[in-house]
Peer 1: 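Below you will find the structure I want to go over with you.
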Amino acid sequence: MNPYASSMIISSLAIGTITTLTSFHWILAWIGLEINTLAIIPLMTKNPHPRSIEASTKYFLTQAAASALILLACTLNAWLLGEWAINNFSNPLSTALMSIAILTKLGVAPFHFWLPEVLQGLSLQTGLILSTWQKLAPMALLLQLSQTLNLNLMLLLGLISTLIGGWGGINQTQTRKILAFSSIAHLGWMVAVLKLSPELYLLNFSLYIIMTSTLFYMFLTLNSKNMMQLTTSWPKIPTLTAFSLLSLLSLSGLPPLTGFLPKWLIAQELVKQNLTLFALLILMSTLLSLFFYLRLTYVISLTLAPNSPSSSPTWLFKKKNHLSIPILLTLCLLPTSPSFFII
């Protein structure tokens, strides 16, 4: 892609997100979301493959429908209350429509059907942007609406997301679809705790960004798009493959890695709010996600593809510069002492 076009597209992505983050008026927030949507579509269609065109079409139609619903909700709220301010959103119908629209933009179940198919049709670089940067603006709007949201609706959608995210990822062999269902499951945890504790919501989202970025960088470096390619990753770059195991286990939420911290704190918060049964259900649903994370770990570390080369591994003679970003990100996923100090 032309460097001038690339710089313009990336600048538009940044401007759209910053516009939404700094806006106090619903129209400005909506404009920022639209800039974000339109800016990423050229990145999706950078490779003129039918799968990429299909993914960008599905993404555009879903995001356009969600944007229209956002415009309807904020217009209805302004008609009833006479204000366009984001922090004054108290009408129940408008709040329900707005929350559904934003959750559709994020890909929370049961509005998730577009996310795995779209992510599968994109390159890993564009998938990284879609899974991390594109979620900042909708997440910020949800955070500002947190005190007016319907708690029962959020808990229900959170539980459905963790169940569908775990169940849908079990039978997948493509790494991008696995990451899509992993995103759905993590969004379920964030949605469930949003109204009860916005601080935990922000903590979970921040750690999700770090862990997902780590895995995307590692799959990019290993050039692995499915499980079959992952089986040959150990002879190629054993150092990076070892770090990828740590990232996968952290994303699954196994203690004492960083990914365990938000799940532990969210479960504690749910118990404090007398939602013990819900905490048990959402923790049990996490076992589904744990299964496919452990399957990926097994494929990477304990299997070896047949006819592996007997010559010296090529990673000994390559420059190590490309390893710096994934390794630095993985250091954030090591066993963390803050988890012991919070309690």
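The model shown is predicted, which means the values in this text are computed figures rather than measured ones. Values below: all heavy atoms of this structure, side chains included; hydrogens, waters and symmetry mates excluded.
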Peer 1: How close do Leu143 and Pro198 get, heavy atom to heavy atom, and via which atoms?
Peer 2: CD1-CB, 3.6 Å

Peer 1: Would you give the length of the straight line joining atom CD of Glu117 to atom NZ of Lys177, rounded to the nearest 0.5 angstrom?
Peer 2: 4.0 Å

Peer 1: Establish, from distance only, whether the side-chain atoms of Tyr208 and Ser183 form a donor-acceptor pair under 3.5 Å.
Peer 2: yes

Peer 1: Taking the side chain from Ser94 and the backbone from Ser90, do they hold a donor-acceptor pair closer than 3.5 Å?
Peer 2: no

Peer 1: If you round to the nearest 0.5 Å, how far is CG of Asn204 from CE of Met190?
Peer 2: 4.5 Å

Peer 1: Taking the side chain as C-beta and beyond, is there a heavy-atom pair between Leu248 and Ile300 under 4.5 Å?
Peer 2: yes

Peer 1: Do Ser99 and Met154 touch side chain to side chain, with heavy atoms closer than 4.5 Å?
Peer 2: yes

Peer 1: Using a 6.0 Å cut-off, check whether atom CZ of Phe260 has over 12 heavy atoms from anything other than its own residue.
Peer 2: yes

Peer 1: Between Lys263 and Thr286, what is the shortest heavy-atom contact and its length?
Peer 2: CE-CG2, 3.7 Å

Peer 1: Is it true that, when you exclude Trp84 itself, more than 12 heavy atoms of the residues, nucleotides or ligands shown sit nearer than 6.0 Å to its CH2?
Peer 2: yes

Peer 1: Same cluster or not: Val118 versus Ile164, using hydrophobic residues (I, L, V, M, F, W, Y) connected whenever any side-chain heavy atoms lie under 4.5 Å apart?
Peer 2: no

Peer 1: If we only count heavy atoms from C-beta on, is the Leu270 to Val193 side-chain gap below 4.5 Å?
Peer 2: no

Peer 1: Would you find more than 12 non-hydrogen atoms of other residues, nucleotides or ligands less than 6.0 Å from Asn2 atom CG?
Peer 2: yes

Peer 1: Just verifying a value: how many Å separate Leu81 CG and Asn88 CG, rounded to the nearest 0.5 Å?
Peer 2: 5.5 Å

Peer 1: I need the minimum non-hydrogen distance between Ile9 and Ala39, along with the two atoms involved.
Peer 2: CG2-O, 3.0 Å

Peer 1: Got Glu54 and Met44 here, is their nearest side-chain heavy-atom distance under 4.5 Å?
Peer 2: no

Peer 1: Compare every heavy atom of Ile86 with every heavy atom of Gln144, then report the nearest pair and how far apart it is.
Peer 2: OE1-CG2, 3.4 Å

Peer 1: So does Ala185 get a backbone contact from the side chain of Ser161, meaning a donor-acceptor N/O pair under 3.5 Å?
Peer 2: no

Peer 1: Roughly how far, to the nearest 0.5 Å, is the CG atom of Leu246 from the OG1 atom of Thr214?
Peer 2: 9.5 Å

Peer 1: What do the steps show when you test Asn152 against Leu156 for side chain to side chain contact (heavy atoms under 4.5 Å, CB included), and what is the final call?
Peer 2: CA-CA 6 Å; Asn152 294 328; Leu156 177 63; over 6 Å; no

Peer 1: In terms of hydrophobic clustering (I, L, V, M, F, W, Y; side-chain heavy atoms under 4.5 Å; direct or indirect links), are Val299 and Leu179 co-clustered?
Peer 2: yes

Peer 1: Distance-only, no hydrogens or angles: does the Thr297 side chain make a donor-acceptor pair with backbone N or O of Tyr293 under 3.5 Å?
Peer 2: yes

Peer 1: Has Asn91 got a side-chain atom pairing as donor or acceptor with Ala73's backbone, closer than 3.5 angstrom?
Peer 2: no

Peer 1: Between Leu280 and Leu283, does a side chain to side chain contact (heavy atoms under 4.5 Å, CB included) hold up when you go through it step by step?
Peer 2: CA-CA 5 Å; Leu280 176 63; Leu283 285 171; 5.6 Å; no

Peer 1: Dump the intermediate steps for side chain to side chain contact (heavy atoms under 4.5 Å, CB included) on Ile40 and Trp133, then the final yes or no.
Peer 2: CA-CA 10 Å; Ile40 198 174; Trp133 183 262; over 6 Å; no

Peer 1: Are Ile170 and Leu288 packed together at the side-chain level, in the sense that at least one heavy-atom pair is separated by less than 4.5 angstrom?
Peer 2: yes

Peer 1: Would you say Leu287 ends up clustered with Ile160 if hydrophobic residues are merged whenever their side chains have heavy atoms under 4.5 Å apart, either directly or through other cluster members?
Peer 2: no

Peer 1: Identify every side-chain donor-acceptor pair in residues 103-116 under 3.5 Å, counting partners at least two apart or on other chains, and give the distances.
Peer 2:
unit_1, atom_1, unit_2, atom_2, d
Thr104, OG1, Ile100, O, 2.7
Lys105, NZ, Gln63, OE1, 3.0
Lys105, NZ, Ser67, OG, 3.1
Trp114, NE1, Thr104, O, 3.0
Trp114, NE1, Phe111, O, 3.4

Peer 1: Just so I know, are the side chains of Gln134 and Leu13 near enough to count as touching, which here means a heavy-atom distance under 4.5 Å?
Peer 2: yes

Peer 1: Out of curiosity, Leu142 CG to Met98 CE, how far, rounded to the nearest 0.5 Å?
Peer 2: 10.0 Å

Peer 1: Would you check, one step at a time, whether the test side chain to side chain contact (heavy atoms under 4.5 Å, CB included) holds for Leu71 with Ile27?
Peer 2: CA-CA 8 Å; Leu71 204 56; Ile27 296 298; 4.0 Å; yes

Peer 1: When clusters are formed by joining ILVMFWY residues with side-chain heavy atoms under 4.5 Å apart, either directly or through shared neighbours, do Ile10 and Tyr4 land in the same one?
Peer 2: no

Peer 1: Determine, using the 4.5 Å side-chain heavy-atom cutoff (strictly less than), whether Leu136 and Leu28 are members of one ILVMFWY cluster.
Peer 2: no

Peer 1: Would you say that Asn223 contacts Gln229 through its side chain, given a criterion of any heavy-atom pair below 4.5 Å between the two side chains?
Peer 2: no

Peer 1: Ignoring hydrogens, what is the shortest heavy-atom contact between Val271 and Ala279? Give both atom names and the distance.
Peer 2: CG2-CB, 4.3 Å

Peer 1: Going from CD1 on Ile210 to CG on Leu215, what distance comes out if it is rounded to the nearest 0.5 angstrom?
Peer 2: 12.5 Å

Peer 1: Is Ser252 reaching over with its side chain to a backbone N or O of Leu290, donor-acceptor style, under 3.5 angstrom?
Peer 2: no

Peer 1: Test Phe216 against every option in Ile129, Leu128, Thr175 by the side chain to side chain contact (heavy atoms under 4.5 Å, CB included) rule and name the one that passes.
Peer 2: Leu128

Peer 1: Are Phe89 and Trp26 an aromatic pair, judged by ring center distance below 6.0 Å?
Peer 2: yes

Peer 1: Which pair of non-hydrogen atoms, one from Gln174 and one from Lys225, has the smallest distance, and what is that distance?
Peer 2: OE1-O, 3.1 Å

Peer 1: Within the side chain of Ser146, is there an N or O that forms a donor-acceptor pair under 3.5 Å with the backbone of Lys195?
Peer 2: no

Peer 1: Flag the pair Thr95 / Leu145 as yes when at least one side-chain heavy-atom distance between them is below 4.5 Å, and no otherwise.
Peer 2: no

